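These numbers come from a predicted model, not from an experiment. When a ligand or atom number is given, it counts from 1 through the structure's own listing order. Keep in mind that the numbers below use all heavy atoms, side chains included, and drop hydrogens, waters and symmetry copies.
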Amino acid sequence: MPPGSTSSTSRPDAVVVGAGVVGLTSAVVLASTGHRVEVWTADDPAATASARAAGVWTPLTLAPLASSLAWAEQSLQDLCGLARVAGSGVRMVEGLTLRPADGTVPPLSRLSPDLRDADPDELPEGYTVGQRYRTPVTDMITYVPWLLRRLEAYGGRVRRRRVEDLAEPLAVAPVVVNAAGLAAAGLADDPTVRPVFSQYVVTENPGIDRLLVDTSNPRGWVSIIPHPDRVHLGGVRKAGRTDGRADRELAADVLRWCREIEPRLVDARMLRVDAALLPGRPTMRVELERRDDGVVAHAYGHATAGVTFSWGAAREVARLVGPARRAGTARAGA
Ligand SMILES: Cc1cc2nc3c(=O)[nH]c(=O)nc-3n(C[C@H](O)[C@H](O)[C@H](O)COP(=O)(O)OP(=O)(O)OC[C@H]3O[C@@H](n4cnc5c(N)ncnc54)[C@H](O)[C@@H]3O)c2cc1C
């Protein structure tokens, strides 16, 4: 067992509630700075909303703007680094974003590596404006187990346990991270959180290796996100919808819109529809709350961009919590 590991009998000094991308990344970063970390999760980490994500770093700005920019940039840096790590599930993909003729490039897009205006012959028929770039795309089916192995290598561990009240993990550890996704709202007694419904259609990959996003579609963003063995088609998000089940009618629409832009999808077999309710909030929340029995770092509200903000949010959690207060346990960064 590596030094500083959590043995089966020792108590953790940090409990992360939630094994989605925000919780697991926070756990890895905390464990890498010497914390004995346990992750408590109601669901199997392979069955969370995060595990269903299409996995693209998205230039989506959420409030607060400064955090959006800082966390997305941090995540971009970490994910680009992970694209060079064999087995992480992250790879760099060529992208093309189509815009309306008067469309401007949003601030976060400017962070994308190798961003340039698309040449006219790179645009599908009927489009006049677009940008080319490279972006990290994360295969969550590979990435979630990779994060778990990384956590385990730092001595952390995962327990299947549903938390009803944050007093439960606080009774075990002085530091608790509330990264329970949509359920974080109830645990934090936060009435500002609203569900955001998100859905992608997953098909076989008929040979598509370029990511394509059409922001000029008045019906909403249309995205085609390729993984080696499948393609995620979507971009559907609906604020306020409380039914997280897949919407077959919407799926048929998305499939049709994507086939209009990418004819190779016409014969691609549909594999499944991924849908979930995500935590929407007027502002993303990564904030420390001091209680009599310890501190709670709240980390939720990343709506449809949890992968995009994960490393930035996790490093902010670690900064707020500080290093483990035990001598001789600090290790190299994650
Ligand atoms: C179809 C789809 C595609 C997406 N594509 C992208 C994308 O391409 N790029 C991107 O950046 N984002 C994408 N997202 C959004 C992203 O998945 C979310 O932002 C992200 O999942 C939020 O992560 P999270 O860790 O906050 O919560 P979650 O993934 O929801 O995890 C919550 C965790 O908390 C646990 N939990 C809940 N309640 C309790 C409790 N009471 N006690 C203990 N544990 C509890 C759960 O079991 C789970 O482990 C997509 C989402 C969907 C649904």
Side-chain angles (χ1 to χ4, degrees), residues 15-27 38-60 62 71-72 75-76 79 93 108 135-140 143-144 147-148 158-166 168-169 176-188 193 195-202 211 213 221 223-227 232-238 244-247 250-251 254 272-281 284-286 298-314 317:
V15 171
V16 177
V17 181
V21 70
V22 176
L24 286 181
T25 315
S26 299
E38 266 187 23
V39 175
W40 293 6
T41 174
D43 300 291
D44 182 334
T48 63
S50 298
R52 262 165 275 161
V56 67
W57 181 89
T58 313
L60 178 73
L62 299 178
W71 299 347
S75 297
L76 182 62
L79 291 168
V93 171
L108 279 180
T135 196
V137 173
T138 302
D139 181 347
M140 301 305 287
Y143 186 58
V144 169
L147 281 175
L148 291 168
V158 177
R159 288 186 167 202
R160 286 291 288 282
R161 177 167 172 177
R162 180 177 293 279
V163 172
E164 303 300 336
D165 191 304
L166 292 176
E168 296 163 33
V176 167
V177 180
N178 175 18
L182 190 57
L187 295 173
V193 175
V196 178
F197 173 80
S198 180
Q199 174 171 296
Y200 276 73
V201 177
V202 183
L211 180 142
V213 182
W221 281 25
S223 0
I224 300 175
I225 301 164
H227 289 282
H232 292 242
L233 310 174
V236 175
R237 52 186 84 142
K238 290 193 165 190
R245 288 172 304 176
D247 183 327
L250 262 179
V254 165
R272 60 178 191 270
V273 180
D274 284 340
L277 292 177
L278 303 169
R281 196 174 184 272
M284 295 182 286
R285 185 177 192 201
V286 177
H298 296 285
Y300 60 89
H302 304 95
T304 58
V307 179
T308 303
F309 293 115
S310 56
W311 282 95
V317 164

Atom 50 (C) of ligand 1: of A72, A53, A179, G23, the nearest heavy atom sits on A53

Quick one: which ligand 1 atoms are inside 4.0 Å of a heavy atom on [X]?
| X | answer |
| --- | --- |
| A42 | 39 (C), 43 (C), 44 (N), 45 (C), 47 (O) |
| T48 | 29 (O), 48 (C), 49 (O) |
| A305 | 10 (C), 11 (O), 12 (N), 15 (C), 19 (O) |
| R52 | 1 (C), 2 (C), 3 (C) |
| A303 | 15 (C), 18 (C), 19 (O) |

Looking only at protein heavy atoms, which one is nearest to [atom], and how far off is it?
| atom | answer |
| --- | --- |
| atom 53 (C) of ligand 1 | A276 CB, 3.5 Å |
| atom 22 (C) of ligand 1 | S50 OG, 3.9 Å |
| atom 41 (N) of ligand 1 | V163 O, 2.8 Å |
| atom 5 (N) of ligand 1 | A54 N, 3.0 Å |

Any N or O on T41 sitting closer than 3.5 Å to an N or O of ligand 1?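 In this structure, T41 places an N or O atom under 3.5 Å from an N or O of ligand 1.
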
Main chain of V213, side chain of S223: is a donor-acceptor contact present, judged purely on distance under 3.5 Å? no

What is the distance from atom OG1 of T304 to atom CH2 of W221, rounded to the nearest 0.5 Å?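 T304 atom OG1 to W221 atom CH2 measures 8.5 Å (nearest 0.5 Å).
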
Please work out whether any backbone atom (N, CA, C, O) or any side-chain heavy atom from C-beta onward of V22 is under 4.0 Å from ligand 1, and answer side chain, backbone, both or neither.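 For V22, backbone and side-chain atoms both sit under 4.0 Å from ligand 1.
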
